[in-house]
There are 2 protein chains.
Amino acid sequence: MNEKVTSNDVAKKAGVSQATVSRVINNYSFVRESTREKVLQAIEEMGFTPDQVARSLNMRKTGTIGLIVGDISNPFFSETAKVIIGEARESGFDVIISDTDHSDQNLGKAIQTLIGKRVDGMLIGSVGRFDTNVQQLVDKRFPLVMYNTRLDRDDCNYVVINNVKGARVAMKHLLDLGHQKIAYISGNTKYSTLYDRLNGYHETIKKQGLPFRQDYVYDGELTVAGLQRFLQTPWQDEERPTAFFASNDQIALLLMEAALSLGIRVPEDISIIGFDNISYSAKPFIQLTTVSQQHRRMASLALEKLIQLMNTDDKTLKVSANLEPEIIVRNTSAALEQ
Amino acid sequence: MNEKVTSNDVAKKAGVSQATVSRVINNYSFVRESTREKVLQAIEEMGFTPDQVARSLNMRKTGTIGLIVGDISNPFFSETAKVIIGEARESGFDVIISDTDHSDQNLGKAIQTLIGKRVDGMLIGSVGRFDTNVQQLVDKRFPLVMYNTRLDRDDCNYVVINNVKGARVAMKHLLDLGHQKIAYISGNTKYSTLYDRLNGYHETIKKQGLPFRQDYVYDGELTVAGLQRFLQTPWQDEERPTAFFASNDQIALLLMEAALSLGIRVPEDISIIGFDNISYSAKPFIQLTTVSQQHRRMASLALEKLIQLMNTDDKTLKVSANLEPEIIVRNTSAALEQ
DNA sequence: GTGAAAGCGCTAACAG
DNA sequence: CTGTTAGCGCTTTCAC
């Protein structure tokens, strides 16, 4: 910024050695009060701000963590990011955010630049089950905690909910309301989260002895137009799904849009249940029934675990946590009218 | 990460000097092809990633910019952040995000840590008109571009729309629909954006020869409960506002919630117009009439300007830009029924 | 073309 | 308590 005042300049002005300046900015205890004050005053007068870059270089830590998400404009991620940024700061960390747009290639690049920047640890909210870039990080035992999604291996650190169970809970809710013909809108199953939810759906269908119909599972483009086409599938009347389980709230909202545009009423004509409980789902004009994955708590825990990881030398420490899914019944699901 | 491989290690392995390694990772031209390849191979084999911290230290730049916003979970900011993060990466910058929770004190601290981290520049989306911390940055000619809000002085860099005009446009829309009794829901006027919009409201009221009523302006707590109380103000029937101008979309949504909970229909009973055009406002179950401030374009421009600023030594360069407000008419505003 | 050497601004022993 | 001395891992002259 202005004419680069360094600890050396401060030292000269205060008439002490540069090391002493370093001692006072680091609150080292054994500095005579009078010299401490001299230094402090010089710092004040010269507008000195310690250079964290230099500091990082020989401390081998930067006080920065990397946060990688698939889409920061998705409320799920912006809401978790808020928690992470806030609590990280309280613990003395800044956070660099990378947005991958759900591309594996971008994820790879993001990891590379973050490694280059020597972040002390990473939090990853979107990672494919078999992502090779993240696998390598794990193999290297780089301090890393995944949340929301995780790799398909156990020797890694993550905070997730039991998504199979979450899907089961969602299905049970629909079944309890009398629905039997339940369609599923799948997101990209490269993510464990979405893969597990799909499995929970399948599992429930099977356990209930319901016929499995491939045409009840949508895995096309996640746009209003695509979902409109799905809703307009030429089912026989008695085969038409009466309930739709969307693999997350964003998708559920899209589905609600599609239904609305087609004059299909929710929940009168069809019931809809989502997953995640993003804050918009609670809005009175939406009132989406959904399953909470306690995302703020998840974010908070993930950071807490990461900090543990960064503070230990035990390369074998496991810090994963599992949260419980929780159903939130609102107005988009209703009993099936006979 | 793993056992810290440095350019020195690479140099030894490749049988060249460390300086040469530096030359190849920086794509310096005058390196013999054969030695370049030797080095590249050693880098590959050893899994070497250049230490950007060391690099930053003597290049006096970090390739990192700071982004400060009032609330990253607000879609306006997460959507602009997405643009900024994406385009910054394309230009070789990472971004550290600070979330101030709209507190001036947090803003001050955020600036301090970002300065300490030696970011190459800053983008600030939320700054009070007279904020002293940011004033100091401007005085120092630190590379800084504000967007959305700005300081109340002209010798600073910003990208904003003409908010007075935007408010005028919003008011005109309501007036054209026959509304005369128009209430205004004010946000915190420490922000230029919200200050200007309030002025645009006042100005229009005056120019139209409409009576100015203090009880038409709400500047209480921005919660559903607070807005419910406002809607329940014991106005005489003929004094009851027929239209509400909310100073931004978030607030408009809260107002819609409040109205809904009170059984007040929009737009049948009251018209509502917002400001910002966040993506949720376009959702079919919301369909909020609003004024766009082209926020993605604003973010993109702000970053572009910042990059200009960071690439010049001309400390007097001014890079501000003004965008035009644009009304988006949807379903929350309707002609006044006589 | 390539090596040697001098820092970038700080922290961390090690003396005294 | 405080100064001196090495680096941290790079980039960048300046020679050869």
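Letters go in sequence order (proteins before strands), and every chain restarts at 1.
As rounded to whole Å, 19 Å separates atom P of D/dT2 from atom NZ of A/K12. Protein atom OH of B/Y28 is 10 Å distant from nucleotide atom C1' of D/dT13, rounded to whole Å. In this structure, the CZ atom of A/F30 is 12 Å from the P atom of D/dT2, given to the nearest Å. Spacing between atom CZ of A/R32 and atom C1' of D/dG3 amounts to 13 Å, rounded to whole angstrom units.
Judged as a side-chain contact (heavy atoms from CB on, under 4.5 Å), and not counting sequence neighbours, the contacts of B/A302 are B/L123, B/V145, B/Y147, B/V159.
Salt bridge absent: A/D154 and A/K318 never bring a charged side-chain N and a carboxylate O closer than 4.0 Å. Here B/D120 does not pair with B/K61 in a salt bridge; the nearest charged N to carboxylate O distance is not below 4.0 Å. For the pair B/R153 and B/D139, the salt-bridge criterion is met [side-chain N within less than 4.0 Å of a carboxylate O].
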Under 3.5 Å donor-acceptor pairs involving side-chain atoms of residues 36-43 of chain A, not counting sequence neighbours:
residue : atom : partner : partner atom : Å
A/R36   : NH2  : A/Y28   : O            : 3.2
A/Q41   : NE2  : A/E45   : OE2          : 2.9

Classify every nucleotide of nucleotides 9-16 of chain C by which part a protein heavy atom approaches to under 4.0 Å, writing B for the base, S for the sugar-phosphate alone and - for neither, in 5'-to-3' order.
BBBBB---

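Taking side-chain N and O atoms only, A/S17 has no distance below 4.0 Å to OP1 or OP2 of D/dT4.
Counting heavy atoms of neighbouring residues, nucleotides and ligands inside a 6.0 Å radius, atom CZ of B/R297 does not exceed 12 of them.
Within 4.0 Å (heavy atoms only), A/T35 reaches sugar-phosphate atoms of the nucleic acid but no base atom.
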